There are 2 protein chains.
Amino acid sequence: MSSSRISTNKKTTVACNNCSLSELCLPRGLTKEELTRLESAIDKAIKINKKDYLYRRDDPHQAIYAVKSGSIKTSLSTLDGEEQILGFYLPGDLVGFDAFANSKHSCDAQALEDTFVCELNMNSFHDLCGSIASMRNGMMRQVGMEIGREHQLLLTLGQMRTEERLATFLTGISERNQSRGFSGREFYLPMPRHDLANYLGMAVETLSRMFSRLQEDGIISVNHRLIEILSPERLKGLGHHQCR
Amino acid sequence: MSSSRISTNKKTTVACNNCSLSELCLPRGLTKEELTRLESAIDKAIKINKKDYLYRRDDPHQAIYAVKSGSIKTSLSTLDGEEQILGFYLPGDLVGFDAFANSKHSCDAQALEDTFVCELNMNSFHDLCGSIASMRNGMMRQVGMEIGREHQLLLTLGQMRTEERLATFLTGISERNQSRGFSGREFYLPMPRHDLANYLGMAVETLSRMFSRLQEDGIISVNHRLIEILSPERLKGLGHHQCR
DNA sequence: AGGAATGCTTGACTTAGATCAAGCTTTACT
DNA sequence: AGTAAAGCTTGATCTAAGTCAAGCATTCCT
């Protein structure tokens, strides 16, 4: 009813160097001139409404996206109507590398809540990667981190029992939030139980039971999507399968 | 005893344009001059003995490797001595992208059998990516394919029952062999049951039972590691969770 | 060639987690 | 505001797959 605010795909004027995420999503060591080039190539603060798709499988690869606020999930859908969630992308994360193989996206990317992204279109991407070495390296690093995240998830799905999967996930989110300057002790999960269960390869009921268990054990406190970590040590200790 | 052949890390003189894998591992559309540059940057036919490591976690990122013959498995090891196999790399595949995140390998890469690889060291890699656009694009495509493979495995581990996992795996190997000009009907699996079971997230015993089941159903014929696919259609039909 | 170790298969039994079912709470819609 | 629809939790039951155990086949080593 209120809303004089235009809220769909409207560019705003937040400059990259004022953006709190610049240190996360931009490669370091650009010259002033290079930074200007990068900035001018980026479309800023595009809004994706909750449940809308940032892109869908088979869409042409138009851009790489940086999540500024909100969150995105990527997933594969199967012919029989099931889905497998591949990743959750939070502020500071880059999305869109799945289309590198053949210039078409190979999965869906959907907003879990109203989300703002910055967008670097692929033409500019190619230009910048061609002419700026640190840009190329920064992107390689990002792709490598993406591969690393997926390896971690494979380990989770392949080796861990359900309780350990959840414990590892929560520890990961906590540490991630902390490293971004948010609270690692208390945070909201942006995704519904259904999505988290799918991501962690278990039934919703099992996930719910594991939340309850961790709460009964006094390790966390759960209030719907608000999680408080009471004992980070014990939570982390449940992750037996940490990488050597 | 015999062996006048030196068999360790000895360069041989197979030129890239004579290599049957060139069409697989090289980006298309290089000029003659660019191809020469690439060729001279590549160390050819380095032998990795069975069970030796091509690299280990935390090793510095020295090169990208192309499997010429033999096979490589990559894996994560956990503190409690478990491992999760992340991928099997067969002739024509590229290995080593796991070190993109921080110039150190994030997993182990071990030869399943005596294996020959070609090696493109990272200095040359950076040079070539900087100066040759099609080289850059080819590498991006390869990284994208790597991400796609991992997505597929996540779907397998997250959604499929054990029989379907094996069926999907065998169909994949079969199609891959076919597309490489080998037989899609009959082939040897390069990995022991133990490794395949780990990769597919199940116990060895379960894997063995699933092989037996598929054989009893007349879908495949199993003779240790030699697999013959009797009914590709029925095998593929067991993969309910194909991507939309 | 012989023995040890590794790899694979099959059977019997157990269990972690799925499924089914119900109720309760929060959010969304008109 | 009031109702419908999602979302979440807990309990009871069932089952796919894990574990334990044994035996045979193959490869490796001296």
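Labels below follow one simple rule: chain letters A, B, ... track the order of the sequence lines, proteins then strands, and each chain is numbered from 1. The structure presented is a predicted model; accordingly, all values stated were derived computationally and were not measured.
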Considering only distance and modelled atom types, tabulate donor-acceptor pairs under 3.5 Å from the side chains of residues 228-235 of chain A, sequence neighbours left out.
residue	atom	partner	partner atom	Å
E228(A)	OE2	R185(A)	NH2	2.6
S231(A)	OG	E233(A)	OE1	3.3
S231(A)	OG	R234(A)	N	3.2
R234(A)	NH1	D217(A)	O	3.1
R234(A)	NH2	D217(A)	O	3.2

Counting primed atoms, P, OP1 and OP2 as sugar-phosphate and everything else as base, the B/S/- map of nucleotides 17-30 of chain C against protein heavy atoms under 4.0 Å is SSBB-----S-S--
Exactly one candidate in D80(A), D108(A), D58(A), T78(A) meets side-chain hydrogen bond (donor to acceptor under 3.5 Å, both in side chains) with R244(B); the answer is D108(A)
Which pairs count as salt bridge (charged side-chain N to carboxylate O under 4.0 Å, His left out) when at least one residue sits in residues 146-162 of chain A, sequence neighbours excluded? E146(A)-R149(A)
Sidechain-backbone polar pair: R213(B) side chain, E163(B) backbone, donor-acceptor under 3.5 Å: no
Any pair with a residue in residues 66-90 of chain A that passes ring-ring contact (aromatic ring centres under 6.0 Å, His included), sequence neighbours left out, goes on the list, sorted by first then second residue, please. F88(A)-Y199(A)
To the nearest Å, give me how far apart CE (M191(B)) and P (dG7(C)) are. 14 Å
Which of these nucleotides, dC8(D), dT9(C), dG7(C), is closest to any side-chain atom of R225(A)? dC8(D)
Rounded to 10°, tell me the angle between the two end axes of the helix from dA1(C)-dT30(D) to dT30(C)-dA1(D), each built from five pairs. 60°
State whether the side chain of S174(A) and the backbone N or O of G184(A) hold a donor-acceptor pair below 3.5 Å, judged by distance alone. yes
Expressed as a whole number of angstroms, how long is the span from L166(B):CG to dA16(D):P? 17 Å
What residues from residues 236-244 of chain B pass a heavy-atom cutoff of under 4.0 Å to DNA chain C? none
Side-chain donor or acceptor of R57(B) paired with backbone N/O of H105(B) under 3.5 Å: no
Over how many whole Å does the gap from L200(B) atom CG to dA16(D) atom P extend? 19 Å
